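Quick caveat, the model's predicted, so the values are computed rather than measured. Atom set for the values below is all heavy atoms of this structure, side chains included, hydrogens, waters and symmetry mates excluded.
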Amino acid sequence: MGASPNVSALHDNVLTALGAAVVSGKYPPGAVITLEGVSAEHGVSRSVAREAIRVLESMGLVASRRRVGITIQPAVNWNVFDPRVIRWRLESEDRAAQLVSLSELRRGFEPAAAALAARRANPHQCRIMAAAVSDMVVHGRSGDLVAYLQADKIFHQTLLEASGNEMFRALNAVVAEVLTGRTHHGMMPELPNPAAIALHDEVARAVRLRDEAGAESAMRAIIDEAARAVAEDA
């Protein structure tokens with residue numbers, strides 16, 4: 001049987017608090033914490049604290065050694081692709097640098113994924129992307145940023161899946177965290193840029209028409225536009 005909802009919530013709360021403390025520098029590299037300390041600070045059992053530490057260890061944020069304790073690890077050891085690590089970094093003072101890094105990453109793979117999607121997308125995937133763009137138009141005009149974000153995430157998820165490349169598809173969670181973080185941290189305009197929506201439409205059309213160069217170029221333009229907008233808000 002799985003953990004009860006209350007235990008799961010406690011685990012998530014402790015994990016988030018500890019993870020955010022590590023990436024923000026509240027717990028600097030080399031600092032040592034203990035299960036007893038975590039349990040006392042967060043008012044949870046040792047088993048809940050131990051499970052949270054186990055997850056942080058899997059992310060490379062801490063290292064647990066017998067008779068040494070739980071040592072905070074430097075950023076070079078972190079699994080920077082873990083969506084939760086990305087989320088915590090976007091909530092910290094490191095946000096601007098993290099967004100620049102993520103934009104550079106996206107520029108390295110999403111245009112290539114778009115070109116592959118133009119070669120490999122099936123009709124169903126083309127329809128989903130077109131419908132996502134239509135939803136972005138509607139929600140962009142109304143200023144419903146939550147609904148707009150959902151449509152935007154569906155568009156990029158479908159594009160990565162349509163690339164037919166399992167490595168690109170596995171990066172969907174990274175892209176989703178970038179899009180979500182920009183919305184949740186007030187880095188989106190009240191009414192999304194119509195030019196950005198038009199570029200998404202251009203990508204969808206190029207994919208449907210098997211125009212690999214057009215899809216790649218339009219996707220690069222999407223990322224460049226987002227990077228400029230983030231830089232202006234930083």
| Shortest non-hydrogen contact from L90 to G181? | CD1-CA, 4.0 Å
| request: Among T180, N172, T183, V175, find the residue that satisfies the side chain to side chain contact (heavy atoms under 4.5 Å, CB included) test when tested with K153. | output: T180
| remark: In this structure, CZ of R84 is separated from CG of D12 (nearest 0.5 Å) by 9.0 Å
| Between the side chains of H185 and E91, does any donor sit under 3.5 Å from an acceptor? | no
| query | So if you build clusters from Ile, Leu, Val, Met, Phe, Trp, Tyr with side-chain heavy-atom gaps below 4.5 Å, do L105 and M59 land together? | reply | yes
| query | Does a sphere of radius 6.0 Å around CD in E225 hold more than 12 heavy atoms from other residues, nucleotides or ligands, not counting ones at 6.0 Å or beyond? | reply | yes
| request: Using a 4.5 Å cut-off on heavy atoms from C-beta on, say whether the side chain of M188 contacts that of Y148. | output: yes
| message | Show, in sequence, the C-alpha distance, side-chain angles and deciding distance for E177 and R87, and conclude whether the salt bridge (charged side-chain N to carboxylate O under 4.0 Å, His left out) test is met. | response | CA-CA 6 Å; E177 285 299 333; R87 188 180 314 145; 2.7 Å; yes
| request: Check whether any side-chain N or O of R169 sits under 3.5 Å from a backbone N or O of Q157 as a donor-acceptor pair, and report yes or no. | output: no
| field | Residue pair V207 / E212, side-chain heavy-atom distance below 4.5 Å | value | no
| message | With rounding to the nearest 0.5 angstrom, report the CG to CD1 distance, L15 to I53. | response | 9.0 Å
| task | Evaluate the side-chain proximity of E161 to Q125: yes if any heavy-atom separation is below 4.5 Å, no if none is. | result | yes
| said: Test your reading of the model: is there a side-chain donor-acceptor pair from S163 to the backbone of L160, 3.5 Å cut-off? | reply: yes
| Shortest non-hydrogen contact from S39 toward A49 | OG-CB, 3.6 Å
| field | Audit row: D224, R228, salt bridge (charged side-chain N to carboxylate O under 4.0 Å, His left out) steps and yes/no | value | CA-CA 6 Å; D224 288 344; R228 283 193 301 271; 5.2 Å; no
| note | Applying side chain to side chain donor-acceptor pair (under 3.5 Å) to E57 and not counting sequence neighbours gives none
| query | Nearest 0.5 Å, what's the CZ-CG distance between R95 and L102? | reply | 12.5 Å
| Heavy-atom pair with the smallest gap, counting every atom of R106 and P111 | O-CD, 3.4 Å
| request: State yes or no: do I72 and L35 share one hydrophobic cluster built from I, L, V, M, F, W and Y residues joined by side-chain heavy-atom distances below 4.5 Å, directly or via other members? | output: yes
| request: Measure the CD1-CG distance between I223 and L199 for me, rounded to the nearest 0.5 Å. | output: 11.0 Å
| task | Begin with the C-alpha distance, continue with both residues' side-chain angles, and end with the deciding distance and a verdict on side chain to side chain contact (heavy atoms under 4.5 Å, CB included) for M129 and V203. | result | CA-CA 9 Å; M129 291 175 64; V203 171; 4.3 Å; yes
| Residue from V14, V62, V85 passing side chain to side chain contact (heavy atoms under 4.5 Å, CB included) with L56 | V62
| request: Search all heavy atoms of R107 against all heavy atoms of A227 and return the closest pair with its distance. | output: NH2-CB, 3.9 Å
| said: Please check this pair: side chain of N77 against backbone of Q73, looking for a donor-acceptor N/O pair closer than 3.5 Å. | reply: no
| message | Before you tell me yes or no, could you show the steps for W88 and L61 under side chain to side chain contact (heavy atoms under 4.5 Å, CB included), namely the whole-Å CA-CA distance, both residues' side-chain angles and the distance that decides it to 0.1 Å? | response | CA-CA 12 Å; W88 297 331; L61 269 64; 4.0 Å; yes
| Nearest heavy atoms of F81 and I86, plus distance in Å | O-CD1, 4.0 Å
| query | Are V55 and V23 joined in one hydrophobic group, where the rule is that I, L, V, M, F, W and Y side chains link up if heavy atoms are under 4.5 Å apart? | reply | yes
| task | Take L18 and Y27 through the side chain to side chain contact (heavy atoms under 4.5 Å, CB included) test and state the conclusion after the steps. | result | CA-CA 9 Å; L18 290 174; Y27 293 151; 3.9 Å; yes
| field | Donor-acceptor contact present, side-chain S101 to main-chain Q98, <3.5 Å | value | no
| query | For the hydrophobic clusters of this structure (ILVMFWY residues joined by side-chain heavy atoms under 4.5 Å, transitively), does one cluster hold both I154 and I197? | reply | no
| note | Distance col, row F109:CZ vs L116:CG, nearest 0.5 angstrom, shows 12.5 Å
| If only atom types and distance count, is the side chain of E51 paired as donor or acceptor with the main-chain N or O of V48 below 3.5 Å? | no
| message | Taking M136 as the starting point, is it possible to reach I128 by hopping between hydrophobic residues whose side chains are less than 4.5 Å apart? | response | no
| Between CG of L179 and NE2 of H156, what distance do you get to the nearest 0.5 Å? | 5.0 Å
Only distances under 3.5 Å count here; give the side-chain donor-acceptor pairs of residues 138-147 to other protein atoms, sequence neighbours excluded, each with its distance to 0.1 Å.
{"residue": "S142", "atom": "OG", "partner": "H139", "partner atom": "O", "Å": "3.2"}
{"residue": "S142", "atom": "OG", "partner": "D144", "partner atom": "N", "Å": "3.3"}
{"residue": "D144", "atom": "OD1", "partner": "V146", "partner atom": "N", "Å": "3.4"}
{"residue": "D144", "atom": "OD1", "partner": "A147", "partner atom": "N", "Å": "3.2"}

| message | Give me the atom names and distance for the closest heavy-atom approach of P189 to R182. | response | CD-NH2, 4.3 Å
